[in-house]
Structure formats: structure tokens, C-alpha cells
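Quick notes on the structure that follows.
In this text the structure is predicted, and so the values were computed from the model without any measurement. No hydrogens, no waters, no symmetry mates; every other heavy atom, side chains included, goes into these values. Chain naming here is simple, since letters A, B, ... match the order of the sequence lines and numbering starts at 1 in each.
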Amino acid sequence: MRLSRYFMPTLRDAPADAQIVSHQLMLRAGMVRQEAAGIYAWLPLGLKVLKKIEQIVREEMDRAGAIEVLLPTLQLADLWRESGRYDDYGDEMLRIKDRHDRDLVYGPTAEEVITEIFRAYIKSYKDLPKNLYNIQWKFRDERRPRFGVMRGREFLMKDAYSFDIDEAAARKSYNRMFLAYLNIYARLGLKAIPVKADPGPIGGDLSHEFIILAETGESEVFAHGDLVEMGAPGPDIDWDGDLEPLVTQRASLYAASDEMHDAARFEAEVPEGKRMTARGIEVGHIFYFGEKYSKPMKALVTGPDGKDAPIHGGSYGVGVSRLVAGIIEASHDDAGIIWPDAVAPFGVAVVNLRPGAAEVDAVAEQAYKALEGLGKEPLLDDRDDRPGAKFASLDLVGIPWQLIVGPKGVAEGTVELKRRATGERQILPLDAALKVIAG
RNA sequence: CGGAGUGUGGCUCAGUCUGGUAGAGCACCGCGUUCGGGACGCGGGGGUCGCAGGUUCGAAUCCUGCCACUCCGACCA
């Protein structure tokens, strides 16, 4: 992409409405535009990052055996009446009427819809387990939206739903999601810890929140340090095998957010040198809720004994749009965003310091084409602007590499390569720079 | 939903107390000089001052009502 033809409206000043750093940086980098409280338009740069995160989530869900569907944003109110949640959910649910005066809701989640689909097709225990997931916009009419896309009213969520014959089987589904979530966050360049959660209004007795560590995070977490060091299990585990040991290894270590924290237990269970207190952002939540929806909505399967029984369900959410902000909270400096390579909107910025100077243009073009060939998604900064302005805006939007092509270097046969994350620079021939970027 | 606050060109803000017909910086357009970390000069365009009423000779400014947005609190991917 040539920056002179792109749409990347960066701002020097952060709009006064933005309070937290990720919100300020997203606005300054031209990633989103607020249209109403908690409702955002995604501009090209923001959309690129959102899509990359979405794709990583998708790949890890697929790997863990979940199957993607796409559910509607508008749902019939009658389904919610069946589960009893039409009245329970309250004002957070956006209710709409169509031209036939029929009640609809803009889905805040999709347990009802997916349960309706499941019960229409799946009749036998032989078809279990099933895990269906959906990456779709949700709407929750928050009393107080805030912090940009961190708590929007409209947000992109990955929600998965598992269906199993009994609790023991459901636990296996739960374990798969537990480990898949750790892999997702690791791929996004984040340190995440699973924390036992209050299952809340959704019910059930097995629930974890996933909190990514960021100094500016809104909640405080207390955890055993090994939990962070242990990290994710990686993609190559036997997803059909017994995952219980991998889960237990992690879930048995102390981890709690401030509201569930028990200082006495923390001190008793965690040796002094391992006690970690940090701030974080909740970016995922998994639940086992048993028959909560299958019973009232009659999602029954016939068991080996010939009798019908409600399935045991779980649901698993990742806040995809929230992760965009979460990653920024976890990875930025005074100059702007520092994208992890996996989600960066562009892989490299080729900075032409003197557009119009034929020799410089030629080298910049050559670098750009080579990087395209390498699949590095280069952005060619061919703007007619001063060097400082270019560096400032490219630092702001956080592209991982800057390959700087200027008249001095071109005369000497070199370019400058700068790593955004560390600020490290080296001057070297173009071929060598390309090798470094290629990894 | 309780409490607090803010609405003035795309962004940051001044002007409001004390009414007199709207301003600065950034951004944008033109010309010139510049060009390795957000340049400078000259010229220019863009705002029914959130909306609706009211007071007044006259309202961004005072009064009333409404709307929007932000922050703190209780709840949440």
C-alpha cells in the first residue's frame, strides 16, 4: 500500500474525550471513529488489526475442534422468552420491533439461537460432542460505555458453545477451550492468566476469566508467578486426548481478581517469592452451565439407554474488538503503539525520505516490491512530508519495522532499519535489511 | 441509574463571570524557502458557537427546557 493513496487519518492531539491510553492512541492513529457513545466505525488501520486478531482466534478455535457458524445479529424475542432471559436480561438488551410489530432483540450473546439450531438437528448422543462458534457483532446497551472499544455497546465477540452428553464430557470440552484460549493470547503476543470466576447470572459452577497483563489494566490480579512463566500449551498438544493434566497444572495454581481475592489463601498457597500482583484486562470468559438452556429450551438427545436427556452446555467468549485495545494497553510507549508482529496492520513501513528524487524513489520501490514478494505487507511512505513528520506518524501507528531510504544512504548503498519495539537501528545494504526482516 | 462535568471550524483550546455581531495553534489550499525525528514565511478557505424557546436595541455570553458526550460509582467480552 502506498501511504499517499491510503486512508490513515492520524491526529497530533488526542481528542479530549479519550481518557485511557489505548483509546487515545486508537483515535490518534486513525483506527476508529466514535459515532455515538460506545459505538465506533472501524477505519482501515483498525479494521486490519481487528481482522488479524479475528483470524488468529478462528485458527485456534478450529484447531481445538470447534466449528464456525455465523449467527444473526437480530434474534426473535420468543427464543429469549423460552429461556426466561427476555425479562431477566434487563435494559442492557436492545429491543426492537419489526414492521409486523414482532419483538426482536439485537443479540447480546447467542445461547438461545445456538440452542435452537442444535435442537433442530442433533438428536443422538452419537453426534456429540459438538462445539459451534460464531464471530459476530454483539450489542449490549451498557449503562455506561467507556474506554473506547474496551467497553463499547457494539463489539465483536467470538462466542463458542459446547454440547455434551454429561458433565464429564462437558468438562473435556471446557478443557479444550481453556487451553485454546491460552494459545490465542500467546499468539497475540500477550501474557494471559486464567482466573477462577464468579459464574454470575449465566449460572453454572465451572468458570474462568482470562486476564491479560497490562500496567494500565482496570482490574487487579493476584497470581502464582509460575502461571505466567508456564505460558500456553502450544498448538501441538493432543486435542482429542486427556487434557486434564495440562489444565489442572494451571488451574490449580492460585489466581484471583480483586473481587474474588482471598489474601489468606494467597499467602498460604503461594510461596513469598512467587506472589505476583499485577493489573490486567479481562479478554475472555468461559463457563460450564450444564442444563441451564437445554432444559427450558428442550435441547434433548437420545442417550445409549434410549432415553432423552438435556445436553450439558458451556459457552466461551473472547472479546475480539476489546483485544485491539487490550493489546495497545499492554504494548505501547510515549511515541505510540507497538504492535506485536502477528497483528500489526502492516509488517514494514518503507520510508522514502525524499519522494521525487529518482535514485531514492528507485531504491524505495525496489524495497517495497521485495517486501511484497516476501509477504511482509509493506506500507510505502511516499508522502511529500518532512522526515520527522513521517517518523512520528509511523511510530504512532506502531508498524514493527521501518526501512528508511534516504539520499545519504542511497549514495552509499545502504538503508537504515529500525525496530519499533526496541528503537534499535542499523545501517546496512538493502539485501541485508530484507534478510533481517524476513527473519 | 445516582453523582460530577463539558458542548465554540477536522483536532486541541481561548472568549462566557462583566451581552456589542467569533479568535489562536495544529490540520487543509496556493506560492516560495526547506527537507535524517511532527519546518518557516506570505496569502487563503472553512464555524447558523449542541438544539429549541425566552429576555434584550443587540445573545457564544443571561434565563428555561431538551439533547449529546465524558468522568466517578454499582454491573459487564
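Each of A/I404 and A/H23 has a nearest nucleotide on RNA chain B; the 5'-most of these lies closest to A/I404.
When distances run from any side-chain atom of A/H285 to the nucleotides B/rC76, B/rC71, B/rA77, the shortest one goes to B/rA77. In this structure, the nucleotide among B/rA77, B/rC75, B/rG38 sitting nearest to the side chain of A/S393 is B/rG38. Closest contact between the side chain of A/R146 and the listed nucleotides B/rC35, B/rC72, B/rG38 involves B/rC72. When distances are taken from the side chain of A/F155 to each of B/rU34, B/rA77, B/rC71, the shortest belongs to B/rA77. Distance from the side chain of A/R425 is smallest to B/rG37 among B/rG38, B/rA77, B/rG37. In the set B/rC69, B/rG38, B/rA77, the nucleotide with an atom closest to the side chain of A/R140 is B/rA77.
Listed pair A/R386 / B/rA39 meets the phosphate criterion, a side-chain N or O lying under 4.0 Å from OP1 or OP2. Applying the 4.0 Å criterion to OP1 and OP2 of B/rC75, one finds that A/R144 has every side-chain N and O outside that range. Taking 4.0 angstrom as the limit, A/Q402 places none of its side-chain polar atoms (N or O) nearer than this to OP1 or OP2 of B/rG37.
Across all strands, A/L396 comes closer than 4.0 Å to base atoms (heavy-atom distances).
Shown here, B/rC40 forms a base pair with B/rG32; the pair counts as Watson-Crick or G-U wobble because both key distances fall under 3.5 Å.
Salt bridge status for A/D226 with A/R250: absent, with no side-chain N to carboxylate O gap under 4.0 Å. Classification of A/D141 and A/R153 as a salt-bridged pair holds, one side-chain N sitting under 4.0 Å from a carboxylate O.
When the C1' atom is compared between B/rG37 and B/rA74, the two are found 47 Å apart, to the nearest whole Å. A gap of 49 Å separates the P atoms of B/rC76 and B/rC29, to the nearest Å. Nucleotides B/rU16 and B/rA27 are separated by 27 Å at their C1' atoms, to the nearest Å.
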Donor-acceptor contacts under 3.5 Å from residues 62-76 of chain A side chains, at least two apart:
{"residue": "A/D62", "atom": "OD1", "partner": "A/Y133", "partner atom": "OH", "Å": "2.7"}
{"residue": "A/R63", "atom": "NE", "partner": "A/E60", "partner atom": "OE1", "Å": "3.0"}
{"residue": "A/R63", "atom": "NH2", "partner": "A/E60", "partner atom": "OE2", "Å": "3.0"}
{"residue": "A/E68", "atom": "OE1", "partner": "A/R58", "partner atom": "NE", "Å": "2.7"}
{"residue": "A/E68", "atom": "OE2", "partner": "A/R58", "partner atom": "NE", "Å": "3.3"}
{"residue": "A/E68", "atom": "OE2", "partner": "A/R58", "partner atom": "NH2", "Å": "3.0"}
{"residue": "A/Q75", "atom": "OE1", "partner": "A/W80", "partner atom": "NE1", "Å": "2.7"}
{"residue": "A/Q75", "atom": "NE2", "partner": "A/T109", "partner atom": "O", "Å": "3.2"}

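In this structure, the CG atom of A/D382 is 21 Å from the P atom of B/rC35, given to the nearest Å.
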Between protein and nucleotides 7-13 of chain B, what N or O pairs are separated by less than 3.5 Å?
{"residue": "B/rC11", "atom": "O2'", "partner": "A/D13", "partner atom": "O", "Å": "3.2"}
{"residue": "B/rU12", "atom": "OP1", "partner": "A/A16", "partner atom": "N", "Å": "2.5"}

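Rounded to the nearest 0.5 angstrom, A/Y161 OH and A/I311 CD1 are separated by 12.5 Å.
For the residue pair A/N352 and A/D382, no side-chain donor N or O sits within less than 3.5 Å of a side-chain acceptor on the partner.
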